[in-house]
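Within every chain, numbering begins at 1; the chains are lettered A, B, ... in the order of the sequence lines, protein sequences first and strands thereafter.
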There are 2 protein chains.
Amino acid sequence: MEQRIERIKKQLHSQSYKLTPQREATVRVLLEHEEDHLSAEDVYMLVKEKSPEIGLATVYRTLELLTELKVVDKINFGDGVSRYDLRKEGATHFHHHLVCIECGSVDEIQEDLLGEVEKVVERRWNFLVKDHRLTFHGICHRCSGKKEPEKEDRA
Amino acid sequence: MEQRIERIKKQLHSQSYKLTPQREATVRVLLEHEEDHLSAEDVYMLVKEKSPEIGLATVYRTLELLTELKVVDKINFGDGVSRYDLRKEGATHFHHHLVCIECGSVDEIQEDLLGEVEKVVERRWNFLVKDHRLTFHGICHRCSGKKEPEKEDRA
DNA sequence: CTAGGTGCAAACTCTTTGCAGTTCT
DNA sequence: AGAACTGCAAAGAGTTTGCACCTAG
């Protein structure tokens, strides 16, 4: 954790950005919720618990900055909100997502399933792939177990 | 064209929706711009050319309805706007996209490249895939040819 | 010291909604 | 007739921005 913050700090400094307490608090929240897919508002609430003075605008600005630095990825599952997902260190590709249309849960797939597919795209469409977004919509293993799933809205 | 409208009409009627002139005009615009990825505003502007009385809210409502009927797919490329993409008739899967980070163009891949991948997901994650979204970000064949690509914004 | 950063409130953009009036069947 | 639909304007939700003040390096 501390090492990752240290590394991000250097990354910021290398472009003459500062690691302010607000930014550090924001990064810590992201690190502590690595598996989640927090919206800006979510992050704001969580940061506020420890640094109540922080403003929502600062959170937005920090998240934008971190996106630029490729520390996080900004994603969008189709509800009107942007979500921010910490990039695994050393990850060469953006991980995939499984969105359950029953309970709304979002799971991550870290493995890269697209190696072959990207080669095909590069060869056949002459398109140099730099990044990708892959999301599956369907029924997760938790919901497919139930016979008559009761509506538990896990928004 | 006429047949497709006829079919959509039936689909609407089967759920006691009506095919109003406004809806028909909207569908026509979508059919005429099948390759594009129009935003609601884009559709509105185009429909307005032929049916100037139409309101933006109606366009939104129609697009929502068509999404529900799976006539179109609502997509989101990360700019703040939803775009609407006509589903090819008989398409069993949602087509993929190639977004060029140089010129902003969006190309479509109709082939299904995910057959194998979906099987893996179903087996290994026990996730019943119903739909997917796959977008590649990179350099398109038009831009990779140029040495010093001049900024032609093909928004 | 000073470029960069912050909080706040106002501004903006995209989308949805309430409502009174209209239209398809 | 009556449910479905429409246009308009107002309301909402999420995000961005201007500005005066603050602070990390």
Side-chain angles (χ1 to χ4, degrees), chain A residues 5-6 8-27 29 37-69 71-72 74-84 155, chain B residues 5-6 8-27 29 37-69 72-84 155:
Chain A
I5 292 193
E6 200 53 42
I8 289 167
K9 186 173 182 176
K10 282 190 186 126
Q11 224 179 324
L12 286 166
H13 286 175
S14 77
Q15 318 208 21
S16 63
Y17 292 125
K18 297 169 185 173
L19 181 62
T20 62
Q22 291 92 331
R23 287 185 184 163
E24 184 171 335
T26 304
V27 171
V29 162
H37 301 83
L38 304 174
S39 67
E41 195 85 25
D42 293 338
V43 174
Y44 175 56
M45 293 309 197
L46 289 165
V47 176
K48 255 203 149 179
E49 289 176 9
K50 301 208 171 158
S51 315
E53 1 64 57
I54 202 170
L56 179 55
T58 300
V59 172
Y60 270 105
R61 285 187 278 231
T62 301
L63 290 171
E64 191 193 359
L65 182 56
L66 293 173
T67 303
E68 208 177 279
L69 295 179
V71 171
V72 300
K74 188 174 179 177
I75 41 175
N76 203 302
F77 291 125
D79 53 347
V81 221
S82 292
R83 292 169 186 284
Y84 298 84
Chain B
I5 292 193
E6 201 50 44
I8 290 167
K9 185 172 181 175
K10 282 190 186 126
Q11 224 180 325
L12 285 166
H13 286 176
S14 76
Q15 317 207 20
S16 63
Y17 293 126
K18 297 168 184 172
L19 181 62
T20 62
Q22 292 93 331
R23 286 184 184 163
E24 184 170 336
T26 305
V27 171
V29 162
H37 301 83
L38 304 174
S39 67
E41 196 86 25
D42 293 338
V43 175
Y44 175 55
M45 293 309 197
L46 289 165
V47 176
K48 254 199 150 182
E49 289 175 10
K50 301 210 171 156
S51 315
E53 3 60 62
I54 201 170
L56 179 55
T58 301
V59 171
Y60 270 105
R61 284 187 280 231
T62 301
L63 290 171
E64 190 194 358
L65 184 57
L66 293 173
T67 303
E68 208 178 280
L69 295 178
V72 300
D73 283 296
K74 188 174 178 177
I75 42 176
N76 202 303
F77 290 126
D79 54 345
V81 224
S82 292
R83 294 170 184 284
Y84 298 84

Any His13(B) side-chain nitrogen or oxygen under 4.0 Å from OP1 or OP2 of dC24(C)
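Negative; the distance criterion is not met.
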Shortest non-hydrogen contact from Val47(B) toward Ala25(B)
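The answer is CG1-CB, 3.9 Å.
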What pairs with Tyr44(A) under ring-ring contact (aromatic ring centres under 6.0 Å, His included), at least two apart in sequence or on another chain?
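For Tyr44(A) there are no ring-ring contact (aromatic ring centres under 6.0 Å, His included) partners, ignoring immediate neighbours.
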I'd like to check the ring-ring contact (aromatic ring centres under 6.0 Å, His included) partners of Tyr60(B); sequence neighbours left out, ordered by chain and number.
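ring-ring contact (aromatic ring centres under 6.0 Å, His included) list for Tyr60(B), sorted by chain: empty.
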Of Leu66(B), Leu65(B), Val59(B), the residue whose pairing with Thr62(B) passes side-chain contact (heavy atoms from CB on, under 4.5 Å):
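That would be Leu66(B).
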Taking salt bridge (charged side-chain N to carboxylate O under 4.0 Å, His left out) as the cut-off, I'd like each qualifying pair that reaches into residues 37-48 of chain A, sequence neighbours left out, listed once.
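Passing the test, one end in residues 37-48 of chain A: Asp42(A)-Arg83(A).
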Divergence of helical axes at both termini of the helix from dC1(C)-dG25(D) to dT25(C)-dA1(D) - five pairs an end, 10° steps
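Axis-to-axis angle, ends of the helix: 40°.
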Nearest 0.5 angstrom please: [X] [atom1] to [Y] [atom2], how far?
X: Ile54(A); Y: Glu49(A); atom1: CD1; atom2: CD; answer: 12.5 Å
X: Arg61(B); Y: Leu56(B); atom1: CZ; atom2: CG; answer: 10.0 Å
X: Glu6(B); Y: Ile8(B); atom1: CD; atom2: CD1; answer: 10.0 Å

According to the side-chain hydrogen bond (donor to acceptor under 3.5 Å, both in side chains) rule, which pairs have a member within residues 13-26 of chain A, sequence neighbours left out?
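Of all non-adjacent pairs touching residues 13-26 of chain A, those that pass side-chain hydrogen bond (donor to acceptor under 3.5 Å, both in side chains) are Tyr17(A)-Glu68(A), Glu24(A)-Arg28(A).
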Specify the residues of residues 53-68 of chain A, ordered by number, for which at least one heavy atom lies under 4.0 angstrom from an atom of DNA chain C.
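Residues of residues 53-68 of chain A that come under 4.0 Å of DNA chain C are, in numerical order, Glu53(A), Ile54(A), Gly55(A), Ala57(A), Thr58(A), Arg61(A).
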For DNA chain C, find the residues of residues 42-52 of chain A with a heavy-atom distance under 4.0 Å and give them by number; none if there aren't any.
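Those residues whose heavy atoms fall under 4.0 Å from DNA chain C, taken from residues 42-52 of chain A, amount to none.
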Quick one, Leu19(A) with Ile5(A), criterion side chain to side chain contact (heavy atoms under 4.5 Å, CB included). Give me CA distance, side-chain angles, the key distance, then yes/no.
CA-CA 9 Å; Leu19(A) 181 62; Ile5(A) 292 193; 4.2 Å; yes
With sequence neighbours left out, what residues match Asp73(B) under salt bridge (Lys or Arg N to Asp or Glu O under 4.0 Å)?
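Once residues adjacent in sequence are excluded, the partners of Asp73(B) under the salt bridge (Lys or Arg N to Asp or Glu O under 4.0 Å) criterion are Arg87(B), Arg133(B).
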Of Ser39(B) and Lys9(B), whose nearest nucleotide on DNA chain C comes first from the 5' end?
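Mapping each residue to its closest nucleotide by heavy atoms, the 5'-most match is Ser39(B).
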Under 4.0 Å, heavy atom to any atom of DNA chain D: which of residues 16-23 of chain B qualify?
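Under 4.0 Å from DNA chain D: Ser16(B), Tyr17(B), Lys18(B), Thr20(B), Gln22(B), Arg23(B).
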If you take any heavy atom closer than 4.0 Å to DNA chain D, which residues from residues 74-82 of chain B end up in contact?
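Heavy-atom contacts with DNA chain D come from no residue of residues 74-82 of chain B; none.
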Applying side chain to side chain contact (heavy atoms under 4.5 Å, CB included), can you list everything that pairs with Ser82(B), at least two apart in sequence or on another chain?
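Only Lys74(B), Asn76(B), Tyr84(B) meet the side chain to side chain contact (heavy atoms under 4.5 Å, CB included) criterion with Ser82(B).
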Measure from CG on Leu12(B) to C1' on dC5(D) and round the result to the nearest Å.
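To the nearest whole Å, that distance equals 12 Å.
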What are the atom names and distances for every N/O pair under 3.5 Å that joins the protein to nucleotides 11-13 of chain D?
none

